[in-house]
Amino acid sequence: MRELLEYLARLLVEAPDDVRVEQFEEDDGTVILELAVASEDYGRIIGRGGRTANALRTVVKAAAVKEDRRVLVDIVD
Amino acid sequence: MTVRAEADLLTELLERISGALALDGTVAVRERDDALEAVLSGEDLGLFIGRHGQTIDAVQYLAQRAVAMLTGEQRRVVVDAEGYRARRRDVLARQADDAADEAVNSGRPVALDAMTAGERRLVHEFLRDRADVDTYSEGEEPDRHLVVAPAAP
C-alpha cells in the first residue's frame, strides 16, 4: 500500500523526489499513511475539489482490501 | 512527447495497481479516437473495477492526471477491464431512455444519479438524437448529475 501510494503520488507532482510516505499502525490495526509533498505540489496532489486525493484514497483502499486491512491516507504538511 | 512514452506510463501504472491488488492481469494500450485506451485483461478483475466502478474510475482519473503531468497536455484517457465500459454504456443508455420517457410522460425534468464527466458526456450524446428532451448537468462534483427535461415547445 505504502509503495503504491508513493509510486502514484510521484506521477502526479512536479517534484517527485520530495514525495514522502510515512506508515503508522493504530491499535485497532488500521494503517495510517501520511503523504507529504513539496509545498508547491499540494494543489496538484489534492486536485480540484479534492478529486485527486479522493482517487488516491480509493485505489489505496482497494489494495488494503486485498490485505484485509483498513487504511487511512492523510495528506500532511 | 511520444505516444510511446504515454503508453509505457499507462502500462506501468496499471501493472503496479493490479500487482498491489494481487491480480494477474496483462495491460494493452492503444489509441482510439481522440483517447488513449488502457485495457487490463485477466481473471476476476472485480476488485480493480470496484463498487459501481469506483476503483476503475479512480484509476482512470489518476492515469489522466499522470499523462497530463508527463506531457503537459490534457489527453483523454480511458481505463477499461473485462468489458466494463461497454457494459456500463449499455446500462447508461437504458437509464437515459427510461429517464427521457419519464420526462416526456410526466412533463417534468428527471434527475439521473451522479456520474463522472465522461459518463455524463455519453448520456448527453445518447439523448442528442431525441428531439422530445433536453439534457443538462446540475450540482457540484462529485454529486454532479444529468437532468433530462421535456424539450421546450
Side-chain angles (χ1 to χ4, degrees), chain A residues 1-23 25 30-75, chain B residues 1 5-6 8-25 38 40 42 44-72 74-75 77 79 81 84 114-118 139-144:
Chain A
M1 285 182 280
R2 185 199 164 154
E3 293 73 27
L4 180 67
L5 179 62
E6 213 165 68
Y7 165 75
L8 292 172
R10 287 196 170 126
L11 295 178
L12 303 169
V13 297
E14 289 283 0
D17 290 345
D18 291 346
V19 170
R20 297 276 178 278
V21 179
E22 300 263 16
Q23 179 166 337
E25 204 173 318
T30 302
V31 174
I32 314 278
L33 296 175
E34 286 190 350
L35 170 64
V37 299
S39 52
E40 66 271 22
D41 275 326
Y42 277 95
R44 285 187 193 88
I45 210 72
I46 291 166
R48 203 187 311 155
R51 271 189 84 183
T52 307
N54 286 338
L56 283 171
R57 291 192 175 103
T58 300
V59 173
V60 171
K61 273 182 186 162
V65 166
K66 204 68 213 180
E67 296 177 25
D68 210 9
R69 304 297 291 267
R70 225 172 86 82
V71 66
L72 290 175
V73 176
D74 254 353
I75 296 170
Chain B
M1 189 62 65
E6 295 170 329
D8 286 350
L9 169 70
L10 288 174
T11 302
E12 197 194 342
L13 180 71
L14 263 65
E15 282 176 354
R16 292 286 289 252
I17 293 173
S18 63
L21 303 187
L23 302 173
D24 194 14
L40 180 69
D44 292 331
L45 301 180
L47 187 59
F48 182 81
I49 294 167
R51 270 188 72 184
H52 306 305
Q54 219 178 14
T55 308
I56 197 169
D57 284 341
V59 173
Q60 178 171 292
Y61 185 72
L62 294 175
Q64 188 151 326
R65 297 303 314 147
V67 166
M69 281 304 290
L70 179 73
T71 63
Q74 298 292 337
R75 184 93 198 263
V77 175
V79 173
Y84 172 74
M115 291 172 197
T116 62
E140 297 297 319
E141 300 283 3
D143 300 317
R144 198 160 167 78

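These figures come from a predicted structure and were not determined experimentally.
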K.L.:
Sorted by first residue and then second, give each side-chain hydrogen bond (donor to acceptor under 3.5 Å, both in side chains) pair with at least one member in residues 3-17 of chain A; sequence neighbours left out.
P.N.:
none
K.L.:
Using the test salt bridge (Lys or Arg N to Asp or Glu O under 4.0 Å), find all partners of B:R16 that sit at least two apart in sequence or belong to another chain.
P.N.:
B:E12
K.L.:
Which one, B:L47, B:L23, B:V59, leads in non-hydrogen pairs under 4.5 Å with chain A?
P.N.:
B:L47
K.L.:
B:R65 side chain to A:L12 main-chain N or O, any donor-acceptor pair under 3.5 Å?
P.N.:
no
K.L.:
For B:V79 and B:A63, which heavy atoms make the closest approach, and how far apart are they?
P.N.:
CG2-CB, 4.2 Å
K.L.:
Check this for me: B:E140, atom CD, are more than 12 non-hydrogen atoms of other residues, nucleotides or ligands nearer than 6.0 Å?
P.N.:
no
K.L.:
Shorter than 4.5 Å, heavy atoms on both sides: which option in B:I56, B:L9, B:L62 has the most such pairs with chain A?
P.N.:
B:L62
K.L.:
Could you give me the CA-CA distance, side-chain angles and deciding distance for B:Y61 and A:T52, then say whether side chain to side chain contact (heavy atoms under 4.5 Å, CB included) is met?
P.N.:
CA-CA 8 Å; B:Y61 185 72; A:T52 307; 3.5 Å; yes
K.L.:
How far apart are the closest heavy atoms of A:V59 and B:A58, and which atoms are they?
P.N.:
CG2-CB, 3.9 Å
K.L.:
Counting only heavy atoms closer than 4.5 Å, note whether B:L13 contacts chain A via side chain, backbone, both or neither.
P.N.:
both
K.L.:
Where is the tightest heavy-atom contact between B:V77 and B:Q64, given as atom of each residue plus distance?
P.N.:
N-OE1, 3.3 Å
K.L.:
List the steps, then state whether side chain to side chain contact (heavy atoms under 4.5 Å, CB included) holds for B:Y84 with B:L40.
P.N.:
CA-CA 10 Å; B:Y84 172 74; B:L40 180 69; over 6 Å; no
K.L.:
Provide the closest heavy-atom pair for B:E6 versus B:V67 in the form atom of the first, atom of the second, distance.
P.N.:
OE2-CG1, 3.9 Å
K.L.:
What residues of residues 60-69 of chain A make heavy-atom contacts with chain B at a cutoff under 4.5 angstrom?
P.N.:
A:A62, A:A63, A:V65, A:K66
K.L.:
Using heavy-atom distances under 4.5 Å, tell me whether A:L4 contacts chain B through its side chain, its backbone, both, or neither.
P.N.:
side chain
K.L.:
Ignoring hydrogens, what is the shortest heavy-atom contact between B:R144 and B:G139? Give both atom names and the distance.
P.N.:
NH1-O, 2.7 Å
K.L.:
Name, in order of residue number, those residues of residues 31-43 of chain A that have a heavy atom at a distance of less than 4.5 Å from a heavy atom in chain B; otherwise write 'none'.
P.N.:
none
